[in-house]
A.B. asks: 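Please see the structure below; I have some questions.
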Number of protein chains: 2
Amino acid sequence: MGVLSIVFLGVKNLAVTIEDVAREAGVSITTVSRVVNDNYPVKIETRQRVEEAIKRLNYRPNPIAVSLVRKTTNIIGVIVPGISNMYFSDVVSGIEKYLKEYDYDVFLVSEVKDAKSEKKYVNKFIDRFVDGLIVLDPKTENILSGFYSDVSKRIPLVLVNGYNEGIDLNFVISIQEKGFCEAMEYLINLGHKKIAFVRGEKSYSYDLKENIYKEYMNKIKSPYIIINTDDGNTIEVVKNTENKIAEINDRYRIGRDITAFCACNDLMAFGILNGCSNLGLSVPKDVSVVGFDNIMISEMSNPKLTTVDQNMKTLGKKAAELIVKTIKNENKKPQKVFVDTLLIKRESCALVK
Amino acid sequence: MGVLSIVFLGVKNLAVTIEDVAREAGVSITTVSRVVNDNYPVKIETRQRVEEAIKRLNYRPNPIAVSLVRKTTNIIGVIVPGISNMYFSDVVSGIEKYLKEYDYDVFLVSEVKDAKSEKKYVNKFIDRFVDGLIVLDPKTENILSGFYSDVSKRIPLVLVNGYNEGIDLNFVISIQEKGFCEAMEYLINLGHKKIAFVRGEKSYSYDLKENIYKEYMNKIKSPYIIINTDDGNTIEVVKNTENKIAEINDRYRIGRDITAFCACNDLMAFGILNGCSNLGLSVPKDVSVVGFDNIMISEMSNPKLTTVDQNMKTLGKKAAELIVKTIKNENKKPQKVFVDTLLIKRESCALVK
DNA sequence: CTGAAAGCGCTAACAC
DNA sequence: GTGTTAGCGCTTTCAG
């Protein structure tokens, strides 16, 4: 094919093969393979001839063929609910930075919204022989069903922030409870009792926070006010939440019946900010708002958002470290790595009126 | 392997193969292949037996083996300079949404910063037989060197927003010139003459804007003030720009020597906003700032950012449409699709003092 | 040190 | 309708 390929450009798959190189160098394909992989002794002179042939023909081994026999790819698959939530893109950045140092390629699949498609993509990655798999905010359903336990038997797996009680899998977990408790206590200490909880449709971390919210509301003997925006992981949630605020203002007089909002992520918090602004309400004078995640822009909004820092870069880095360790078989037992969270007090909360 | 695989869980690659299915169903592997792909007549009764065997064994065809012979994957590769710039994540969302309708999987590679690694990933995708490739903000170098021309001969390719004068390749281009001109004119009409231009290290779109900037500055006979932050496509650019503002305040008294900033993207504009705020300067009272992209948060900053809308979702959708069309061979000739841009006037600009 | 040959799991002529 | 077989491009015994 060597020369032909120049002529046939435009036709698919005229790629130079190991056979072309072998012919060009006057050796067997075995020898070519050996110099490419540098895993067997080859006479230096032969090696040179092969290397020249490779250069001359611009040969690149077909990774698909390699994978078929080797069953590895040097690729780490990452599955993300939605890249447009800056929380996730930050975690991913952390993952990528670290993994590139280790010479792994990172392939990303985003917009994975439900348990079924999550499974689908996990399987696709497995079938394509990725060397490891990192799933951000895995669906509780897939954890409880044992799906991920099975997966982890076939392939190194790291889960970031999902249902993990009594689950024996690799996890990197940010201690959301802590930050969220701080947030609730902060609000309560500010004198708030009529606190609304704003969450997205379905996610372990929303449930987790909701439970804590309820505990605190029980403690201060206040009724629950739970507001549900649909998908919480796209940028669209901002608009959705904004609209929700307008809607609920019929039932609950914001500023009176609700004096504070506690949101499951910063995007929702921004929606609340906008929604209140639309109603002519001033934050934090009329209502307090606290977010979660501490995505970068939370310190740039007006007012600057009080929120809980999740340390996304660290989360990503830890996930990357853990997957590498697992691939290298350095941790025999599944491991849970914890990352701290911290309430960041800025401008969006004030004493209740 | 069928039953064995249950026993051997934990060992890699004990996956069920087409042969297992064939044996289980008492047919040849060809027949299994035919029912899997549904591309040849198979007696209904045989088909059922095969389907049952597939279900029983939980067989999934090995896509690597399939790719090796078919040379396709149903995957579209997308290459992005940095996912943490919301501009890119929005474009990607647009791409993904559309492509999923067409049943393509989208694999993303992010953090591709220089021409060399851009090439590397393009080649990796090609070698893995992706059905098409979309590159966001491709490096000028790789376009001028003819690299992408070669690529487009091997595989359907769509470039989004890069150097394209006289380049005969598929492009989706947002008419940045228009929006940027509007921005410059707006500033000038507001009476500004001492306008600083803020750009990132290296990108066609920065160069494009810089040229326009220079033209306008020539026209109003003002000297150039060009500020260079390094990488413009990560969230870090905000901090970097913020620092830069502090630095330059020695040479240029901001508010006097510079009365307006024109930034290459919204992230930089935010950095400027922060930087000015640090210096005790009020935007737009003391300085005006205009951004570019109109990422969602630009309407949530304080002050709300005046910026140029790039219509990222549309950009993504058009790129997806074009790649699908190219794969289907519906456009024989490379095509350029243009997307309009528009100045959005908000709060960050005012009449010069 | 080098090569022949048997696969990896699947598709697609080609026969029957 | 169904099966046989020759690959796809590479790695890896096994001989030599």
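Convention: sequence-line order gives letters A, B, ...; per-chain numbering from 1.
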A.B. asks: For the side chain of B:Ser28, counting heavy atoms from C-beta on, which of C:dA4, D:dG1, D:dG3 is nearest?
C.D. replies: D:dG3

A.B. asks: For the pair made of CD in B:Glu19 and P in C:dA6, what is the distance, rounded to whole Å?
C.D. replies: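 Interatomic distance, CD of B:Glu19 to P of C:dA6: 16 Å.
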
A.B. asks: Which listed nucleotide (C:dC1, C:dA12, C:dG9) is nearest to the side chain of A:Lys43?
C.D. replies: C:dC1

A.B. asks: If you check the B:Leu68 side chain, which of C:dC10, D:dT12, C:dG9 turns out closest?
C.D. replies: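 My answer, after comparing the listed nucleotides, is C:dG9.
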
A.B. asks: Between atom CD1 in B:Ile29 and atom P in D:dT2, what is the gap in whole Å?
C.D. replies: 15 Å

A.B. asks: Side-chain polar contacts of residues 33-53 of chain B - donor-acceptor pairs under 3.5 angstrom, sequence neighbours left out - could you list them?
C.D. replies:
{"unit_1": "B:Ser33", "atom_1": "OG", "unit_2": "B:Asn37", "atom_2": "ND2", "d": "3.3"}
{"unit_1": "B:Asn37", "atom_1": "OD1", "unit_2": "B:Arg70", "atom_2": "NH2", "d": "2.9"}
{"unit_1": "B:Asn37", "atom_1": "ND2", "unit_2": "B:Ser33", "atom_2": "O", "d": "2.9"}
{"unit_1": "B:Asp38", "atom_1": "OD1", "unit_2": "B:Arg47", "atom_2": "NH2", "d": "3.4"}
{"unit_1": "B:Arg49", "atom_1": "NH1", "unit_2": "B:Ala25", "atom_2": "O", "d": "2.9"}

A.B. asks: Tell me every residue that passes side chain to side chain contact (heavy atoms under 4.5 Å, CB included) with B:Lys116, counting only those two or more places apart in sequence or in another chain.
C.D. replies: B:Asp114

A.B. asks: Rounded to the nearest 0.5 Å, what separates atom CG in B:Asn142 from atom CG in B:Asp150?
C.D. replies: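 CG of B:Asp150 is found 11.0 Å from CG of B:Asn142.
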
A.B. asks: Residues in salt bridge (Lys or Arg N to Asp or Glu O under 4.0 Å) with A:Lys313, at least two apart?
C.D. replies: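 Here the qualifying residues are B:Glu236.
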
A.B. asks: Counting only side-chain nitrogens and oxygens, does A:Arg70 get under 4.0 Å of the OP1 or OP2 atom of D:dT12?
C.D. replies: yes

A.B. asks: In whole Å, what is the span from the CG atom of B:Asn37 to the C1' atom of D:dT2?
C.D. replies: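 Atom CG in B:Asn37 sits about 16 Å away from atom C1' in D:dT2.
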
A.B. asks: What nucleotide among D:dG9, D:dT13, C:dT11 has an atom nearest to a side-chain atom of B:Val69?
C.D. replies: C:dT11

A.B. asks: Could you list the residues that satisfy ring pair (Phe, Tyr, Trp, His ring centres under 6.0 Å) with A:Tyr59, not counting sequence neighbours?
C.D. replies: none

A.B. asks: The side chain of A:Thr46 is closest to which nucleotide in this list: C:dG3, C:dT2, D:dT12?
C.D. replies: C:dT2

A.B. asks: Measuring from the side chain of B:Thr30 (C-beta onward, heavy atoms only), which nucleotide among C:dA5, C:dC8, D:dG3 has the closest atom?
C.D. replies: D:dG3

A.B. asks: Within this structure, what is the CG-to-P distance between A:Asp20 and D:dC8, rounded to whole angstrom?
C.D. replies: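 Whole-Å distance recorded here is 11 Å.
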
A.B. asks: Starting at the 5' end of DNA chain D, what dot-bracket string do you get if Watson-Crick and G-U pairs under 3.5 Å are bracketed, crossing pairs use [ ], other-strand pairs use | and unpaired bases use dots?
C.D. replies: ||||||||||||||||

A.B. asks: Toward the 5' end of DNA chain C, which comes first, B:Arg34 or B:Pro63, by nearest nucleotide?
C.D. replies: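 On the 5' side of the pair lies B:Pro63.
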
A.B. asks: Checking B:Lys317 now: which residues fulfil salt bridge (Lys or Arg N to Asp or Glu O under 4.0 Å) with it, not counting sequence neighbours?
C.D. replies: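 Salt bridge (Lys or Arg N to Asp or Glu O under 4.0 Å) list for B:Lys317, sorted by chain: B:Glu321.
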
